[in-house]
Amino acid sequence: MREILIDPKVRPVLTRKAPTSRTAGRRSTRRLAGVAAGVLTMALALPGVANAAPVTVIPGLPPVEIPNIPGLPTPSTPETPQPPSTSKTPEKPAEPAMPNVKTSTGYVALADDKAHTIWWWKDGEIVKKMPISMGSDKYPTPNGVYHTKEKYRDMYMDSSTYGVPVDSAEGYRTYVEYATRMSWDGIFIHAAPWSVEQQGVSNVSHGCINVSTENGKWVYDNIPRGTPIVVRGTIGGQYTGD
């Protein structure tokens, strides 16, 4: 065997072995894990963790929750566009104009058959409106200008006042309350609790204006004699008396 003499003054040169791809991958993974751990440590040391949001900070690693840092703007979440609304709020029907009639009491009333409603004005301002039921097609309430007359806290009404015998098939004799006369031929505005379901909807009376007991009392208590009541829109022809 040959002896190799090594000069003690000469240091041996060591050649570093090139890392394999597997070794490099492990080192890269360790570096990434170290960076992620450092970021996580910094996140835990900062305030505002309650408002943390998940953010992917290292490619290839799970998301790390990074808290909002005081003094820095918080990224906003983009809003999802909403489709335009197609629903419309129903418009409130406009109140009618006060009839142009003379009044000595300051009050004016309008009973409109289409709306099945009576409105009351005082000195030009609406003060009350009520659902009503006027005369049926067989006994329609005539259109025109009436004026309130005598009042009855309660009374009996019967069909004989307009020519229909009480004992006939179409006759009746009915007890009513809070009756205010509108015409001398038997038309009143009065309480009619039996027709409350029709009031504001349809006409079922024999010509009178039916209202609820509460509304009949309001008319009885507040409307002076001589107040004009305008009736319009019925199929009852024209009222000419007063």
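Here the shortest heavy-atom pairing between Leu110 and Pro99 reads CB-CG, 3.8 Å. For Pro228 against Tyr107, the heavy-atom pair with the smallest separation is CD-O, 3.4 Å. Nearest heavy atom pair, residue Ala115 against residue Thr117, reads O-OG1, 2.8 Å. Across all their heavy atoms, Thr234 and Met134 have their closest contact at CG2-CE, 3.8 Å. Counting all heavy atoms, side chain and backbone alike, Asn215 lies closest to Pro131 at ND2-CD, 4.2 Å. The heavy-atom pair separating Arg173 from Val166 by the smallest distance is CB-CG1, 4.0 Å.
Checked by atom type and distance alone, the side chain of Gln199 pairs as donor or acceptor with a backbone atom of Ala192 at under 3.5 Å. Ser205 places a side-chain N or O within donor-acceptor distance of the main-chain N or O of Gly135, the cut-off being under 3.5 Å. With hydrogens and angles ignored, the 3.5 Å screen pairs a side-chain donor or acceptor of Asn143 with a backbone N or O of Gly237. In this structure, Thr213 contributes its side chain and Ala191 its backbone to no donor-acceptor pair below 3.5 Å. The backbone N or O of Tyr139 sits nowhere less than 3.5 Å from a side-chain atom of His206 that would complete a donor-acceptor pair.
Rounding to the nearest 0.5 Å places CD of Glu214 at 5.5 Å from OG of Ser212. To the nearest 0.5 Å, atoms NZ (Lys217) and CZ (Arg153) are separated by 8.0 Å. Between the CD1 atom of Ile189 and the NZ atom of Lys151 there is a distance of 11.0 Å, given to the nearest 0.5 Å. Here the CG atom belonging to Asp123 is positioned 9.0 Å from the OG1 atom belonging to Thr105, to the nearest 0.5 angstrom. A distance of 13.0 Å separates NE2 in His190 from CG in Asp154, rounded to the nearest 0.5 Å. Taking CD1 of Ile187 as the start and CZ of Arg181 as the end, the distance is 10.5 Å to the nearest 0.5 Å.
Shown here is Tyr172, whose OH atom has more than 12 heavy atoms of other residues, nucleotides or ligands within 6.0 Å. Dense packing is recorded around NZ of Lys149, with more than 12 heavy atoms of other residues, nucleotides or ligands lying under 6.0 Å away. For Glu125, the CD atom is loosely surrounded, since the number of other residues' heavy atoms within 6.0 Å does not exceed 12. The neighbour count for Gln238 CD, taken as heavy atoms of other residues, nucleotides or ligands under 6.0 Å away, is above 12. For Asp221, the CG atom is densely surrounded, since the number of other residues' heavy atoms within 6.0 Å is greater than 12.
Taking hydrophobic clusters as Ile, Leu, Val, Met, Phe, Trp and Tyr residues chained together by side-chain heavy-atom distances below 4.5 Å, Trp184 does not share a cluster with Val145. Hydrophobic clustering, with ILVMFWY side chains joined whenever heavy atoms are under 4.5 angstrom apart, groups Ile118 together with Tyr239. Linking ILVMFWY residues whenever their side-chain heavy atoms come closer than 4.5 Å, directly or via other members, leaves Val108 and Val219 in distinct clusters. In the hydrophobic cluster analysis, where Ile, Leu, Val, Met, Phe, Trp and Tyr join through side-chain heavy atoms closer than 4.5 angstrom, Val176 is grouped apart from Tyr156. In the hydrophobic clustering of ILVMFWY residues, with side-chain heavy atoms under 4.5 Å counting as a link, Trp120 and Ile209 come out together.
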Exercise for the section: Evaluate the criterion side-chain contact (heavy atoms from CB on, under 4.5 Å) for residue pair Met182 and Val231; output intermediate values, then yes/no. Expected result: CA-CA 11 Å; Met182 293 171 53; Val231 174; 4.3 Å; yes

Problem - Working for side-chain contact (heavy atoms from CB on, under 4.5 Å), residues Thr148 and Ile229 - result: CA-CA 7 Å; Thr148 57; Ile229 298 177; 3.7 Å; yes

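A 4.5 Å side-chain heavy-atom check between Trp218 and Val127 finds at least one atom pair inside the cut-off. Between Ile223 and Thr180, the closest side-chain pair of non-hydrogen atoms is not below 4.5 Å. Under the 4.5 Å side-chain criterion, counting only non-hydrogen atoms from C-beta, Val201 is not in contact with His116.
Contacts classified as salt bridge (Lys or Arg N to Asp or Glu O under 4.0 Å) and involving residues 100-119 (residues at least two apart or in different chains) are given here: Asp112-Arg232.
Between Tyr178 and the options Phe188, Tyr220, Tyr152, a ring pair (Phe, Tyr, Trp, His ring centres under 6.0 Å) holds for only Tyr220.
Judged purely by distance below 3.5 Å, without hydrogens or angles, the side chains of Asn210 and Ser195 pair a donor atom with an acceptor atom.
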